[in-house]
Structure formats: structure tokens, C-alpha cells
Amino acid sequence: MMTFAWPWALAFVLFPWMVQRWAPSVSNSSGRAMKVPHFEDIMSLQSSQLIEANRSRRSTLFWVGIIIWSALLLAAARPQWSGDPVGLPTSGRDLMLAVDISGSMKIPDFSVNGREVTRLEVVKAAAGEFIARRTGDRVGLIVFGSQAYVQTPLTFDRDTVKAMMTETEIGLAGQETAIGDAIGLAVKRLKEQPAGSRVLVLLTDGANTAGEVSPTQAAALAEEQGIRIYAIGVGADRMEIASFFGTQTVNPSRDLDEDTLRLLAQRTGGLYLRAKDTEGLRKVYEELDRLEPATTETELFRPTTELYIWPLGFALALSCVTVMSFIWKKDWFLRPRWKAEGIPARAGR
């Protein structure tokens, strides 16, 4: 629908008529004048057609001026076209996901529909569902191995974050595990966001074996900035492998440093959660939804398009045509009828 940002500007539309109606006329007899011989004879040359032509010309100029004035006022009122309302989620949490993509994440100790899959494959599926449910939150993605990288900055575009998560591959950031660097990078990204809404979900299957910042130092920084850390330990505690001596049962998560992860969560007011299988990982993300519920309220926004350029352009074009008619075309569209009737132009002027 059409709206006006400054409708009060239209109140001046009658201003030219009011000036013409009530402003005093300018006297042509004031000041000194030059005496012209035979003035009466010259004035007698003017015919009634000449007088009528001049009157018609003044009337045309007046109405052209009214049209230009009205177009300028219409532009000053700022006409806008408002589109259909669009629902936008209100600002929720600033949630950063830090996902371990070190070499140990390729261990196939998870199963989906009876098929063995790697830890990272299960994490991608479960994290994708979790990200899709975070309506109203700004979500970002950090991947880490020997080093930590920002895969996706904080954004409301959850589809992009989910796509970047799906495209992540093991080993892109190295084979070791830099938990401290990942937390430090998340703190750097979250500290500029509003306090009270900063959340880091850290997912790993090992212990800190690389990086320049220790997990305890990074936890101190997170605590200082009011960032809650939810640590998730991934990996089964039993796995059967075939060997030369037959089938053996091993613990594929023996390198998981659960004590450090618990410390990180407790120090920052978060929680440590353990995911030993596919269903357990889904329940972990459901628990996160319960602990940090997503925003469900929305705000309505109407996209608007400014239309003032059209009446402003029309007024400018009509003004240019009017001026050019005097300079180039010699009154081609304001030309009085007395010229067409053969009356000398010099006498009419």
C-alpha cells in the first residue's frame, strides 16, 4: 500500500494560489520612467487578439508552475510503497559451535541403521538438526584440529551454517586437537555480542594436544566475558575390532579428557554432556535445547520502497522543458496565438 512519511508537506499545495489571491500587486509606476514620444500611437497598435494571447500565455505559465509546485510537494511528502509484512525473529542467543575435526573423528564407532559410520558423520547429522531448530539465534561455526578456524561467523542464516557444517571434512585443520585455541577464538567472536546471551557448544572426542592456549586459560577468558560453555564428549566406550588373535573389545574413547571438559563447563556455568552413540548425541542436543531454549517470538517488518524520485524527476523534467522552450524553441509550447495569426513578434513584445 501507498503511504507518506511526511504528509504534512502536502498542506502547502494552495500556497501559490494564496499568494496570487491576497499578495499586493507590484506597481509598475514607481520610480523614475523614461518618456516615450508618441506613446499613445504605439499603444493603439495593440489589438484585442494580442491582449488575449498574453493573457492565455500567463495562464499557461501559471498552471505549469502549479503542476511543478504540486510535484515538488508530493516528493517532499516522501511517498513510500509498503510491501507485505515479513516476520523476523527477535534477537535470541549468540551461539557458537566449536566442532573437533581432528584425525580421531574418523573412528567408526557409531552406527546408523546398522551401518558403521564415523563420529564426524553422526555429528554433522545431529548438529544440522540442532542448528535448524535455533530460530531467532545467531549461530556461528568454528572447526578445530591442530589449529582453530572460523568456518562461519555469527549469522541468522542457519541454512548457510548447516551447509558449511555438512561440507566440513576431517583433517582440514590438522590431525591434533587444539581445544584451548578453539575456546579462545570463540571468546574473541562472542565478546562483542550482548552480555547474557553468549553460548559456546564445544564438541570433541579427545584431549588438548596442540595450540598456544591451554583449556584452563581459555576457560578463564570465557568466564571473564560471561560465556557459558556446554562441553560434549563424543565417542563410544566399547568397540569390537578384528585382529590377528580374533575379535577384541577396546575403548575408542580412552583419550577423551572428561575431567577437563567438566572443569570448563562448571567454571563458566555450563554443563558437560556425554554422547556414546547416535541416539545419545541426539539427546544431548535436545538437552541443549531445553537448557538454552530458542526464541519463538517474531517481529513484523514491512519492506518499503521510496517513490519520491518519480514526482521529483517529473518536476525537474517539466522545469527543464519550460526553460528550454524559451531558450531554444522560442516558446514552442507556450507560443501565443497572435504569432500564428501573423501579428509581428516585435509588436507583441
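Here the shortest heavy-atom pairing between Ala178 and Asn208 reads C-OD1, 3.5 Å. Nearest approach of Ala210 to Glu176, heavy atoms of both residues: CB-CB, 3.9 Å. Listed here is the closest heavy atom pair of Ile170 and Gly103: CG2-CA, 4.0 Å. Residues Ala218 and Val213 come closest through the heavy atom pair N-CG1, 3.8 Å. Annotation for Ala236 and Arg119: closest pair N-NH2, 4.4 Å, computed over non-hydrogen atoms. Heavy atoms only, all atoms of each residue included: Leu141 and Met164 are closest at CD2-C, 4.1 Å.
With a 4.5 Å cut-off on side-chain heavy atoms, Ser102 and Asp205 count as touching. You'll find the side chain of Arg158 reaches within 4.5 Å of the side chain of Thr135, heavy atoms only. Side-chain contact between Asp181 and Phe144 is absent, with no heavy-atom pair separated by less than 4.5 Å. In this structure, Arg134 and Asp289 have side chains that are in contact, with non-hydrogen atoms separated by less than 4.5 Å. Counting heavy atoms from C-beta outward, Met105 and Leu203 have side chains that approach closer than 4.5 Å. With contacts defined as side-chain heavy-atom distances shorter than 4.5 Å, the pair Ser253/Asp237 does not qualify. Taking the side chain as every heavy atom from C-beta outward, Asp257 and Asp259 approach each other to under 4.5 Å. Put simply, the side chain of Leu190 reaches to within 4.5 Å of the side chain of Leu154, judged on heavy atoms.
In this structure, Tyr308 places its OH atom where only 12 or fewer heavy-atom neighbours from other residues, nucleotides or ligands lie under 6.0 Å away. When the shell of 6.0 Å around CZ of Phe4 is examined, it contains more than 12 heavy atoms from other residues, nucleotides or ligands. Surrounding CE of Met2 are more than 12 heavy atoms belonging to other residues, nucleotides or ligands, all under 6.0 Å away. More than 12 heavy atoms of other residues, nucleotides or ligands sit less than 6.0 Å from atom CZ of Arg228. More than 12 heavy-atom neighbours from other residues, nucleotides or ligands sit within 6.0 angstrom of NZ on Lys124.
Thr304 places no side-chain N or O within 3.5 Å of a backbone atom of Ser82 that could act as its donor or acceptor partner. With hydrogens and angles disregarded, no donor-acceptor distance shorter than 3.5 Å links the side chain of Arg267 to the backbone of Glu223. A donor-acceptor pair is defined here as one N or O able to donate and one able to accept, closer than 3.5 Å; such a pair exists between the side chain of Thr268 and the backbone of Ile229. Here the side chain of Thr177 pairs no donor or acceptor atom with the backbone of Thr209 at under 3.5 angstrom.
In the hydrophobic clustering of this structure, Leu202 does not group with Tyr230; members are Ile, Leu, Val, Met, Phe, Trp, Tyr whose side-chain heavy atoms approach within less than 4.5 Å, directly or through other members. Using a 4.5 Å cut-off between side-chain heavy atoms of Ile, Leu, Val, Met, Phe, Trp and Tyr, with links allowed through other members, Phe15 and Leu73 fall into the same hydrophobic cluster. Linking ILVMFWY side-chain heavy atoms closer than 4.5 Å, directly or via other members, places Ile68 and Trp310 in two distinct hydrophobic clusters. Cluster annotation: Val284 and Tyr272 are assigned to distinct hydrophobic clusters (Ile/Leu/Val/Met/Phe/Trp/Tyr, side-chain heavy-atom contacts under 4.5 Å, transitive). Linking Ile, Leu, Val, Met, Phe, Trp and Tyr whenever their side-chain heavy atoms come within less than 4.5 Å puts Leu172 and Val161 in one cluster.
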Under the criterion side chain to side chain contact (heavy atoms under 4.5 Å, CB included), I'd like the reasoning laid out for Arg274 against Leu256: C-alpha separation, chi angles, the key distance, then a yes or no.
CA-CA 11 Å; Arg274 184 77 164 87; Leu256 179 61; 3.7 Å; yes
Between Ile142 and Met96, is a side chain to side chain contact (heavy atoms under 4.5 Å, CB included) present by the stated rule, with each step listed?
CA-CA 7 Å; Ile142 292 175; Met96 187 69 75; 3.8 Å; yes
Can you check side chain to side chain contact (heavy atoms under 4.5 Å, CB included) on Leu74 and Val13, steps first, answer last?
CA-CA 9 Å; Leu74 186 62; Val13 67; over 6 Å; no
What do the steps show when you test Met165 against Val123 for side chain to side chain contact (heavy atoms under 4.5 Å, CB included), and what is the final call?
CA-CA 9 Å; Met165 180 70 199; Val123 168; 3.7 Å; yes
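Remark: Phe130 CZ to Leu281 CG distance equals 11.0 Å, nearest 0.5 Å. In this structure, CD in Glu286 is found 12.0 Å from CG in Leu273, a value given to the nearest 0.5 Å. Rounding to the nearest 0.5 angstrom, the gap separating the CD atom in Gln175 from the CD1 atom in Ile101 is 9.5 Å. A distance of 15.0 Å separates NZ in Lys191 from CG in Asp94, rounded to the nearest 0.5 Å. Interatomic distance, Leu10 CG to Phe12 CZ, rounded to the nearest 0.5 Å: 10.5 Å. Annotation: the span from Ile309 atom CD1 to Leu316 atom CG amounts to 9.0 Å, rounded to 0.5 Å.
With Ile232 as the partner, the side-chain contact (heavy atoms from CB on, under 4.5 Å) test is satisfied by one option alone out of Leu288, Leu271, Leu261, Leu97: Leu288. Tested against Ile183 for a side-chain contact (heavy atoms from CB on, under 4.5 Å), the candidates Leu200, Leu221, Ile227 yield a single pass: Leu200.
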